Number of protein chains: 2
Amino acid sequence: MEETFRRSLYPDLDDIDYGIIRALQGNARLPFTQIAKDLGVTEKTIRMRVQQLQDEGALSLVGIVNPVKAGFHVQAMIQVAVDAEKLDDVVAALTDTVEIRLIVLTSGEYQLFTQVLVTSNEELSQFLLKKLHKIPGISKTNVINELKILKSKYNFIR
Amino acid sequence: MEETFRRSLYPDLDDIDYGIIRALQGNARLPFTQIAKDLGVTEKTIRMRVQQLQDEGALSLVGIVNPVKAGFHVQAMIQVAVDAEKLDDVVAALTDTVEIRLIVLTSGEYQLFTQVLVTSNEELSQFLLKKLHKIPGISKTNVINELKILKSKYNFIR
DNA sequence: TTGCACTATGTCGAAAATCGTATTATAGTA
DNA sequence: TACTATAATACGATTTTCGACATAGTGCAA
């Protein structure tokens with residue numbers, strides 16, 4: 001069975017898509033009718049475009065929680081060096097770990113970059129000792145504490 | 001003039017707040033009427049709570065763009081070591097830089113952790129040579145290329 | 001070029017959600 | 001207990017969303 005693709009004719013983002021992104025990146029609940037008026041198309045078009053953008057994974061309309069306000073007082077970045085043949089297993093183990101909210105494959109001395117959110121330094125040390133260091137295949141780790149976020153932009157489309 | 005504070009009686013997040021966060025973190029456009037029904041309160045209550053949470057900086061309802069789909073094919077993390085007395089100036093210079101979407105003060109060998117988004121390796125090298133390395137007060141940098149995002153969770157509230 | 005198939009956009013009315021005002025309830029405090 | 005300020009509710013007017021259908025536009029192949 002042939003899968004049907006949305007936006008099969010025009011796979012790239014066009015001006016309307018960027019208009020939608022610019023409108024929604026600062027306020028995910030902006031009414032489609034307003035965006036439509038600004039861009040000179042109908043609400044239906046905006047509705048379909050937004051659905052497509054989301055289906056493609058180009059746009060996510062989400063609520064971002066301030067970790068500190070939600071009790072996650074300790075945030076750290078952990079670099080992980082992995083034995084090459086165990087990479088998939090290590091990634092799988094890390095992916096299943098609730099404390100970890102981000103895993104990136106990177107260049108350099110460490111193959112993996114992760115970000116962890118925990119409520120306290122005690123919880124961080126428990127995480128390191130009881131979970132991270134028990135995963136087979138990890139040869140080295142580097143913990144970088146996040147002391148203060150100085151700049152954070154989700155709306156980077158200009 | 002005395003400033004009036006929202007949520008002055010109950011500054012912490014309560015069950016309704018967490019219910020709202022859980023509902024919205026995966027879909028920022030979920031109707032307040034639905035959340036209200038689920039939590040057993042009125043739509044107006046949800047509306048007011050969401051406004052308060054946003055005003056407090058506890059919750060942001062935003063559109064997150066996939067950088068690659070928007071043409072930012074190269075993403076890198078750059079660690080920056082800074083002369084202590086120049087830290088504020090360096091941070092100010094980095095903050096004004098459009099390529100940088102995240103700056104974090106960290107522990108360790110490097111005081112600053114940044115994330116940059118550019119369209120190509122050429123643009124990255126131009127950024128490094130023409131912008132970053134021209135900022136006075138930077139003693140050392142470490143560029144880590146992001147090869148692949150393996151896990152990314154914005155909805156980390158359980 | 002013309003016609004075909006498919007996708008995108010537009011039209012529009014019903015249903016749902018939002019918004020603002022006024023009212024009631026609740027918690028903290030004197 | 002009464003007072004004050006905040007929080008929640010009630011509710012109708014307005015706006016938005018949604019879905020079914022119609023129209024327009026594009027790529028492709030005869």
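Fair warning: this is a prediction, and the values are worked out from it, not measured in the lab. All chains are named by letter (A, B, ...) in the order of the sequence lines, taking the proteins before the strands, and each is independently numbered beginning at 1.
- Between A/Thr42 and C/dT9 there is no side-chain N or O to OP1 or OP2 distance below 4.0 Å.
- Among residues at least two apart or in separate chains, side-chain hydrogen bond (donor to acceptor under 3.5 Å, both in side chains) pairs with a member in residues 94-107 of chain B are B/Glu99-B/Lys131, B/Arg101-B/Gln115.
- Atom CG in B/Leu39 sits about 17 Å away from atom P in D/dA7, given to the nearest Å.
- Side chain of B/Asn27 to backbone of B/Arg29: a donor-acceptor contact under 3.5 angstrom is found.
- Within the structure, every pair that satisfies the side-chain hydrogen bond (donor to acceptor under 3.5 Å, both in side chains) test and touches residues 62-84 of chain B, not counting sequence neighbours, is listed here: B/Gln79-B/Asn142.
- Closest approach of A/Ile64 to B/Tyr154, counting heavy atoms only: CD1-CD2, 3.3 Å.
- Across the interface with DNA chain C, nearest-nucleotide mapping of A/Arg29 and A/Arg47 shows A/Arg47 to be the residue nearer the 5′ end.
- Summarising the geometry, the separation between CD on B/Glu43 and P on D/dA8 is reported as 13 Å, rounded to the nearest angstrom.
- Across the protein-nucleic acid pair, A/Leu30 atom CG and C/dA17 atom P stand 19 Å apart, rounded to whole Å.
- For the pair B/Lys44 NZ and C/dA17 P, the interatomic distance rounds to 18 Å; values are reported in whole Å.
- As a whole-Å value, the separation of B/Lys37 NZ from D/dA8 P is 20 Å.
- Distance B/Met48 CE to C/dT21 P: 16 Å, rounded to the nearest Å.
- For C/dT9, one of the phosphate oxygens OP1 or OP2 lies less than 4.0 angstrom from a side-chain nitrogen or oxygen of A/Arg49.
- Note on A/Gln52: every side-chain N or O is 4.0 Å or more away from OP1 and OP2 of C/dT7.
- Between the CZ atom of A/Phe32 and the P atom of C/dA16 there is a distance of 18 Å, given to the nearest Å.
- Nearest nucleotide to the A/Gln34 side chain, out of D/dT9, D/dT16, D/dC18: D/dT16.
- Straight-line distance from the CG atom of A/Asp15 to the P atom of C/dT9: 12 Å, rounded to whole Å.
- For D/dT16, one of the phosphate oxygens OP1 or OP2 lies less than 4.0 angstrom from a side-chain nitrogen or oxygen of A/Thr33.
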